[in-house]
Amino acid sequence: MSQKITGVLTAIVTCFDSEGAYNPAAQREQVKRQLAAGNGIFCGGTNGEFFVLNEQEKIAVTETCLDEVNGRAPVVAHIGEISTRETIRLGRQIAKLGVDAVSVITPYFVPLRQEELIYHYQTVADALEVPLFLYNIPARTGNTLQPDTVRTLASHPNIIGIKDSAGSYESLSGFIKAAEGIENFDVLNGPDSLIHQGFVDGCSACISGLANAAPNEINAIWSRFNAGDIEGSRAAQENVTGLRTDLYSIGFSPAAVKKAVSLLGYDVGDSRYAVRFSADEEQKIRQVVNQYLK
């Protein structure tokens, strides 16, 4: 990777058609929306429904995003699978496409010790030529990367940072402290509630699911901070707090975000997650959209 990844990367939704198949044309439209707002692309993550996509679809999503971006913004692709072997297998295929970096979630379902997580990540990083971000999201995987583990992994020349989606300031600040003094290792903030604070504390970028619905509003947090307008950045963060709180209270946040994007008039399709919104819940999402985004 030739340049440091900074700013906002949108954890972009994966678009499906009315039959539930991958819809590359709609995917391009969503990439264009994010580029217009000044955001980069993080594809194949939780908001991209990676664990309900097959391997061919994961590759196709990455291909579409890369082709539409065409070098105008960074593209990071998630490649984490439940095993080391399958993570390497997918990672090698994704790396060939030309992404700027990949991210690797901790293996899930099987509880792992820290030394086993170190082995997993070092093995994957050894096998890939593309730079790698660690991805900590313990609420979904059951495995938590500890700061000391991250500091150990940061010494690997092909591990360039960590995306922390644990959801707490304590977790984020622990990784920021662990990264102190380590060159070429960055902390990327995951929770939409901590974007501004993450930049203040030293995060190089954020990866935002909410940016699917509010690309300009999320980008304002970064662009104002980057321009030196710290109070303006804080105000921009406060502006999305209500949106986040109200939307995420309705249901599983990635599914709620995707439904919000659909209600904004974009053909992104239904989520493949086994999440269903009642008529009353969908009306609540519509009210949130109308209040904050129209």
Side-chain angles (χ1 to χ4, degrees), residues 9-34 39 41-65 68 76-82 90 103 105 108-109 135 137 139-141 163 165 167 190-193 207-215 217-218 240 243-290 292-294:
L9 276 72
T10 298
I12 200 161
V13 297
T14 297
C15 299
F16 304 125
D17 63 21
S18 60
E19 300 299 319
Y22 174 54
N23 186 344
Q27 192 73 40
R28 288 181 181 275
E29 182 180 24
Q30 293 309 305
V31 172
K32 289 175 182 176
R33 284 182 66 223
Q34 298 303 326
N39 300 332
I41 302 297
F42 177 86
C43 58
T46 308
N47 278 268
E49 304 181 61
F50 78 91
F51 50 85
V52 291
L53 301 179
N54 62 39
E55 185 176 274
Q56 290 72 32
E57 288 171 326
K58 292 173 184 178
I59 293 169
V61 169
T62 307
E63 287 177 328
T64 303
C65 291
E68 191 60 45
V76 178
H78 176 253
I79 63 165
E81 300 289 336
I82 199 167
L90 177 61
S103 80
I105 200 170
Y108 42 97
F109 193 81
Y135 183 176
I137 183 168
R140 303 284 172 245
T141 67
K163 176 197 175 190
S165 292
D192 292 306
S193 59
I207 298 179
S208 171
L210 193 59
N212 284 287
E217 291 83 351
I218 295 295
V240 302
L243 167 63
R244 177 186 181 276
T245 300
D246 291 353
L247 185 60
Y248 288 9
S249 68
I250 297 170
F252 182 49
S253 57
V257 166
K258 193 172 192 181
K259 179 62 70 173
V261 175
S262 179
L263 293 175
L264 282 166
Y266 297 102
D267 186 21
V268 296
D270 292 330
S271 173
R272 285 185 186 172
Y273 293 135
V275 174
R276 292 294 178 266
F277 295 107
S278 66
D280 180 62
E281 288 169 334
E282 186 165 323
Q283 180 58 26
K284 288 180 180 178
I285 295 174
R286 191 183 303 275
Q287 290 171 349
V288 171
V289 168
N290 290 336
Y292 293 102
L293 299 174
K294 285 191 176 182

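Just so you know, residue 1 is the first one in the sequence shown, and it goes up from there.
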Determine the minimum heavy-atom distance between C65 and I12, stating which atoms define it. SG-CG2, 4.4 Å

Side chain to side chain contact (heavy atoms under 4.5 Å, CB included) with S262: which residues, sequence neighbours excluded? V268

If every non-hydrogen atom of T62 is compared with every non-hydrogen atom of C43, which pair is closest and at what distance? OG1-SG, 3.8 Å

Where do E217 and R244 land on the salt bridge (Lys or Arg N to Asp or Glu O under 4.0 Å) test, with the steps shown first? CA-CA 12 Å; E217 291 83 351; R244 177 186 181 276; over 6 Å; no

Nearest heavy-atom approach of S165 to G190 is OG-CA, 3.6 Å

Heavy-atom check, side chain of F51 versus side chain of I82, under 4.5 Å: no

Of all the heavy-atom pairs spanning V13 and Q27, show the shortest one and how long it is. O-NE2, 2.9 Å

With a 4.5 Å heavy-atom cut-off, do F277 and F252 have their side chains touching? no

Distance from D192 atom CG to L210 atom CG, nearest 0.5 Å? 4.5 Å

How about Y22 and T64: do any of their side-chain heavy atoms sit closer than 4.5 Å? yes

Are T10 and V31 close enough that some pair of their side-chain heavy atoms sits under 4.5 Å apart? no

Hey, does N290 have a side-chain heavy atom less than 4.5 Å from the side chain of Q287? no

Can you tell me how far the NZ atom of K259 sits from the CG atom of L264, to the nearest 0.5 Å? 12.0 Å

Keeping the roles fixed (side chain from Q34, backbone from A211), state whether a donor-acceptor pair exists under 3.5 Å. yes

I would like to know whether Y292 and L247 meet side chain to side chain contact (heavy atoms under 4.5 Å, CB included); could you show each step before the answer? CA-CA 10 Å; Y292 293 102; L247 185 60; over 6 Å; no

All heavy atoms of L243 vs all of A214, minimum pair found to be CD2-CB, 3.8 Å

About how many Å separate CZ of R286 and CD of Q283, when rounded to the nearest 0.5 Å? 6.0 Å

Distance in Å, N54 CG paired with Q56 CD, rounded so as to fall on 0.5 Å steps: 5.0 Å

Rounded distance [0.5 Å steps], CD1 in I218 versus CG in L9: 13.0 Å

Taking only residues two or more places apart in sequence, or in another chain, which ones meet S18 in a side chain to side chain contact (heavy atoms under 4.5 Å, CB included)? none

Please, which pairs that meet salt bridge (charged side-chain N to carboxylate O under 4.0 Å, His left out) have at least one residue in residues 249-258, sequence neighbours excluded? E49-K258

Is the positively charged end of R272 above the ring of F16, judged by distance under 6.0 angstrom from the centroid and angle within 45° of the axis? yes

Which of these passes side-chain hydrogen bond (donor to acceptor under 3.5 Å, both in side chains) with K58: H78, E63, E81? E81

Any P215 side-chain heavy atom under 4.5 Å of N39 side chain: yes

So do Q30 and V261 actually touch side chain to side chain, heavy atoms under 4.5 Å? yes

Start with the C-alpha gap between F109 and T141, add the side-chain angles, then the distance that decides, and say whether side chain to side chain contact (heavy atoms under 4.5 Å, CB included) holds. CA-CA 6 Å; F109 193 81; T141 67; over 6 Å; no

How far apart are the closest heavy atoms of A213 and V257, and which atoms are they? N-CG1, 4.4 Å

Check ion pair R276-E282 (N to O, under 4.0 angstrom): no

Which class fits the ring pair Y108 and F50: parallel under 30°, tilted 30 to 60°, perpendicular over 60°? perpendicular

Between Y273 and T46: side-chain donor-acceptor atoms closer than 3.5 Å: no

Measure the NZ-CD1 distance between K163 and I207 for me, rounded to the nearest 0.5 Å. 5.0 Å

